[in-house]
Each structure stands twice: as C-alpha cells, then as structure tokens.
Amino acid sequence: MEGYDYTLYIGPDNKSIGREAGKYIGEMLSKSGGNVVEIQGPAGLPSLRERSAGFREVIGQHDNIKIIETVIADWQRDKAEDEMEKLLQQYPNIDVVFAHSDYMALGAYKAANKKGIKGIKFVGIDGFTGSNGGLQLVEKGVLQGTFTCLTGGREAVQYALDILNKEKGIPKKIISRSNKITLANV
C-alpha cells in the first residue's frame, strides 16, 4: 500500500508480521546463533518489501544470526523446492528457513527431506486451515511455526456495500491481526 489514493485498505500489517517472524526466529537461535534463508514471493511487491524489512530489522539485532541467502519463489511450492535444493548444495549449515508463505516453506521442507537433512526449522506465513495448510503443517511438525495473515475478504464485501450505499464513518484502514501459531497453540 503506497500513498493514500484509495478509499479503504483492508489487510495485514506486513512489516509487523515480518518483525514477529524475526522475533520468533531470534528466540529459536538466540543462544546458538545460526544461518537463515529467506524465501520470498514475487519480487517487487510492496507487501513483501515491508515483510522482509520488518524481518531484517529484528534479525539485524542479533550478531550471531545471519541471513545467508534470499531467494524468490513466486509463491510456488515447486520453485521453492528447486531453490532450496540449490541452497542445500551451496550452504551445508542452514538452521532456519523463513518463507513468506506456508506453501513455499513446504517446498523447502520437501527439498531438505529428499536429501535426508534433518534439523532445519521451517517458519511460514499464512496459517490456513485444510490439507497442507499452515495449521496442519505445524501439527505434523513440518513447520516450526506460522503466522496468520488474514486477507479481510468478508469485511471487504461488507465495506464495499457500505461505500456503494454512501454510508458515513467508513475508516481509511482496517489492519487485520496476525497470530503466531506453534505446536503449543495450534
């Protein structure tokens, strides 16, 4: 979201989600330190820049944690898997993968699993329900955690009707909450 030339914004605070992911990974690695890979969706999206900026802001406060590589996987599980296979050849000591979607985190996990590599922790964003959704992946132990990222679709429909009916008091922004989901609270 750039500028203010819009009627209503409904969505997440991506920078905050990135910060929360950074805090979570920082807590995981604070004692031992470690190497982190970041897997992003399509390059150039403002939401991804914000998410990554928040993540890097927090990780940058830890001298013993290093982001060793950032790759673009365009929200695709298969592309994330392919990129992770390349990274595993190049970097034998990856401790955490932070993917900007649970689906890409699953692809990275599949690449590590194919190579028989254990011990890498995977963190995603979305927290969807259903088969291979983030919540199920946390339950199965595939993901260490995920962060919900609600789109606000239901609210968008209601506010669209309010805007068309020229209702008063419509806010400029509605920021959806994000929650950290781990095995402890899934």
Residue pair [X] / [Y]: nearest heavy atoms and the distance that separates them:
X: Thr148; Y: Arg177; answer: OG1-O, 4.1 Å
X: Asn35; Y: Asp95; answer: N-OD2, 2.7 Å
X: Trp75; Y: Ser101; answer: CE3-CB, 3.8 Å
X: His100; Y: Arg51; answer: O-NH1, 3.0 Å
X: Cys149; Y: Ile17; answer: SG-CD1, 3.9 Å
X: Val97; Y: Ile120; answer: CG2-CG2, 3.9 Å

When rounded to the nearest 0.5 angstrom, what distance separates [atom1] in [X] from [atom2] in [Y]?
X: Lys140; Y: Asn132; atom1: NZ; atom2: CG; value: 5.0 Å
X: Lys15; Y: Arg49; atom1: NZ; atom2: CZ; value: 12.0 Å
X: Glu167; Y: Asp162; atom1: CD; atom2: CG; value: 5.0 Å
X: Asp126; Y: Leu143; atom1: CG; atom2: CG; value: 10.0 Å
X: Lys23; Y: Glu57; atom1: NZ; atom2: CD; value: 9.0 Å
X: Ile72; Y: Met104; atom1: CD1; atom2: CE; value: 8.5 Å

Is the backbone N or O of [Y] less than 3.5 Å from a side-chain atom of [X], with the two atoms forming a donor-acceptor pair by type?
X: Glu81; Y: Arg77; answer: no
X: Asn64; Y: Ser30; answer: yes
X: Tyr24; Y: Gln144; answer: yes
X: Asp63; Y: Gly33; answer: no
X: Asn165; Y: Leu161; answer: yes

Please tell me if the side chains of [X] and [Y] come closer than 4.5 Å, counting only heavy atoms from C-beta onward.
X: Val36; Y: Phe55; result: yes
X: Pro42; Y: Leu48; result: yes
X: Ile170; Y: Tyr159; result: yes
X: Val123; Y: Met28; result: yes
X: Val96; Y: Ile65; result: no
X: Phe98; Y: Ile67; result: no
X: Leu137; Y: Phe122; result: no

Are [X] and [Y] in one and the same hydrophobic cluster, where Ile, Leu, Val, Met, Phe, Trp and Tyr link if side-chain heavy atoms are under 4.5 Å apart?
X: Val138; Y: Val142; answer: yes
X: Leu88; Y: Leu106; answer: yes
X: Tyr109; Y: Ile181; answer: yes
X: Val71; Y: Ile68; answer: yes
X: Leu87; Y: Ile39; answer: yes

Self-check item: Note: Lys180-Glu20 ion pair, threshold 4.0 Å (strictly below)
Solution: no
Practice problem: List the steps, then state whether side chain to side chain contact (heavy atoms under 4.5 Å, CB included) holds for Gln89 with Lys115. | Solution: CA-CA 10 Å; Gln89 292 173 1; Lys115 292 199 174 278; 4.0 Å; yes
Quiz item: How about Ser52 and Glu38: does a side-chain donor come under 3.5 Å of a side-chain acceptor?
Solution: yes
